[in-house]
Amino acid sequence: MTSTMTTQQRTHVLIRRRSARALKVYWPVSPQTLALVAAGNVEVLRADESLADLLRIVETSPCLGDFGLYTDVFEVGIGAEGFTTGLGAAPTLGEVGEQTLSPTLTVTMYIDASVAEDELSHVLSRIVDAHPWEVPVVELSAPVELVTGG
């Protein structure tokens with residue numbers, strides 16, 4: 001009797017690394033949109049009027065979410081933001097002096113670290129201008145390493 005032994009060879013995927021910056025934008029949405037996204041209905045993101053401006057900016061800014069074969073790449077996290085509006089503010093949500101909670105999505109995109117400062121500033125200005133809040137919360141990280149296969 002002859003026995004045959006099969007060994008599986010492990011294939012090594014080519015790993016690529018590149019330097020990029022994470023851009024996180026905290027964007028208010030309706031309670032209904034937040035609930036539907038939390039329930040798994042991500043298609044509602046396309047219909048949310050509040051988010052439409054941000055999605056248009058992502059689609060028309062080649063430097064946002066550029067992963068070569070994939071473009072306009074973004075991730076969405078669900079959550080809430082809390083704040084108290086100070087005197088002199090003109091809040092979109094809530095009243096001056098009161099603690100307010102807002103249903104909020106965190107939209108994360110990546111921008112290659114080599115993007116020119118003027119292009120980066122232009123995209124950031126578009127996002128801040130389109131944001132529905134008086135004081136938007138937008139984070140731009142220091143360069144990080146993105147790891148992809150291929």
Side-chain angles (χ1 to χ4, degrees), residues 10-96 98-150:
R10 214 177 192 160
T11 58
H12 294 280
V13 175
L14 176 63
I15 297 297
R16 294 183 184 195
R17 295 175 15 188
R18 71 177 178 136
S19 186
R21 293 173 156 224
L23 175 63
K24 291 185 181 183
V25 181
Y26 297 82
W27 204 275
V29 292
S30 70
Q32 296 80 6
T33 295
L34 189 73
L36 289 168
V37 171
N41 181 356
V42 295
E43 286 300 317
V44 72
L45 295 173
R46 296 181 199 279
D48 187 275
E49 287 182 35
S50 171
L51 201 57
D53 288 338
L54 180 59
L55 295 181
R56 269 192 295 281
I57 292 168
V58 172
E59 292 169 1
T60 59
S61 301
C63 67
L64 287 178
D66 179 14
F67 280 76
L69 296 175
Y70 295 85
T71 60
D72 312 331
V73 176
F74 64 92
E75 293 82 32
V76 175
I78 59 172
E81 264 187 272
F83 56 90
T84 300
T85 306
L87 291 175
T92 304
L93 181 66
E95 300 294 328
V96 171
E98 80 175 22
Q99 174 71 34
T100 302
L101 294 173
S102 169
T104 300
L105 297 178
T106 304
V107 182
T108 304
M109 299 148 279
Y110 290 91
I111 300 171
D112 196 279
S114 67
V115 167
E117 185 61 34
D118 61 333
E119 185 177 1
L120 177 59
S121 292
H122 177 71
V123 169
L124 293 174
S125 291
R126 288 182 65 203
I127 290 170
V128 169
D129 288 346
H131 201 288
W133 287 345
E134 186 175 24
V135 180
V137 179
V138 178
E139 283 179 40
L140 179 65
S141 77
V144 297
E145 290 286 313
L146 288 180
V147 178
T148 58

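Keep in mind that this is a model prediction, so the values were computed, not measured. Because only heavy atoms are used, hydrogens play no part in the values below, and waters and symmetry mates are left out as well, while side chains stay in.
For the pair Ser50 (side chain) and Pro28 (backbone), a donor-acceptor distance under 3.5 Å is present.
Taking CG of Leu34 as the reference point, atom OG1 of Thr104 lies at 8.0 Å (rounded to 0.5 Å). The line from CG of Leu93 to CG of Leu101 is 9.0 Å long, rounded to the nearest 0.5 Å. Thr84 contributes atom OG1, which lies 12.5 Å from atom CD of Glu95 (distance to the nearest 0.5 angstrom). Taken to the nearest 0.5 Å, the CG atom of Leu55 stands 9.0 Å off from the CH2 atom of Trp27. In this structure, the separation between NE2 on His122 and OG on Ser61 is 6.5 Å, given to the nearest 0.5 Å.
Heavy-atom contacts from other residues, nucleotides or ligands closer than 6.0 Å to CD of Glu49 number 12 or fewer.
For the pair Leu140 and Leu120, the minimum side-chain heavy-atom distance is below 4.5 Å. Under the 4.5 Å side-chain criterion, counting only non-hydrogen atoms from C-beta, Arg21 is not in contact with Val115. In this structure, Leu124 and Leu23 have side chains that are in contact, with non-hydrogen atoms separated by less than 4.5 Å. A heavy-atom distance below 4.5 Å is not found between the side chains of Tyr26 and Ser102. You'll find the side chain of Thr100 reaches within 4.5 Å of the side chain of Glu98, heavy atoms only.
Relative ring orientation between Phe67 and Tyr110 is described as perpendicular, the plane-to-plane angle rising above 60° on a 0-90° scale split at 30° and 60°.
Ion pair Glu43/Arg46 flagged as a salt bridge, since at least one NZ, NE, NH1 or NH2 atom sits closer than 4.0 Å to an Asp/Glu carboxylate oxygen. Asp129 has no carboxylate O lying under 4.0 Å from a charged side-chain N of Arg126, or vice versa, which leaves the two without a salt bridge.
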Atom pairs and distances, donor-acceptor, side-chain atoms in residues 69-82, under 3.5 Å, two or more places apart:
none

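Considering every non-hydrogen atom in both Gly86 and Val96, the closest pair reads O-CG1, 3.7 Å. Taking every heavy atom of both residues into account, Phe83 and Gln99 meet most closely at N-NE2, 3.3 Å. Taking both residues in full, the closest heavy atoms of Leu64 and Val58 are given as CD1-CA, 4.0 Å, listed atom of the first, atom of the second, then distance. Smallest separation of non-hydrogen atoms from Ala90 and Glu134: N-OE1, 2.9 Å. Shown here for Thr60 and Pro62, the closest heavy-atom pair between the two residues is O-CD, 3.4 Å. Closest heavy-atom contact between Gly65 and Met109: N-CB, 4.5 Å.
Contacts classified as salt bridge (charged side-chain N to carboxylate O under 4.0 Å, His left out) and involving residues 100-124 (residues at least two apart or in different chains) are given here: Arg18-Asp112.
By the side chain to side chain contact (heavy atoms under 4.5 Å, CB included) test, Thr92 pairs with Trp133, sequence neighbours left out.
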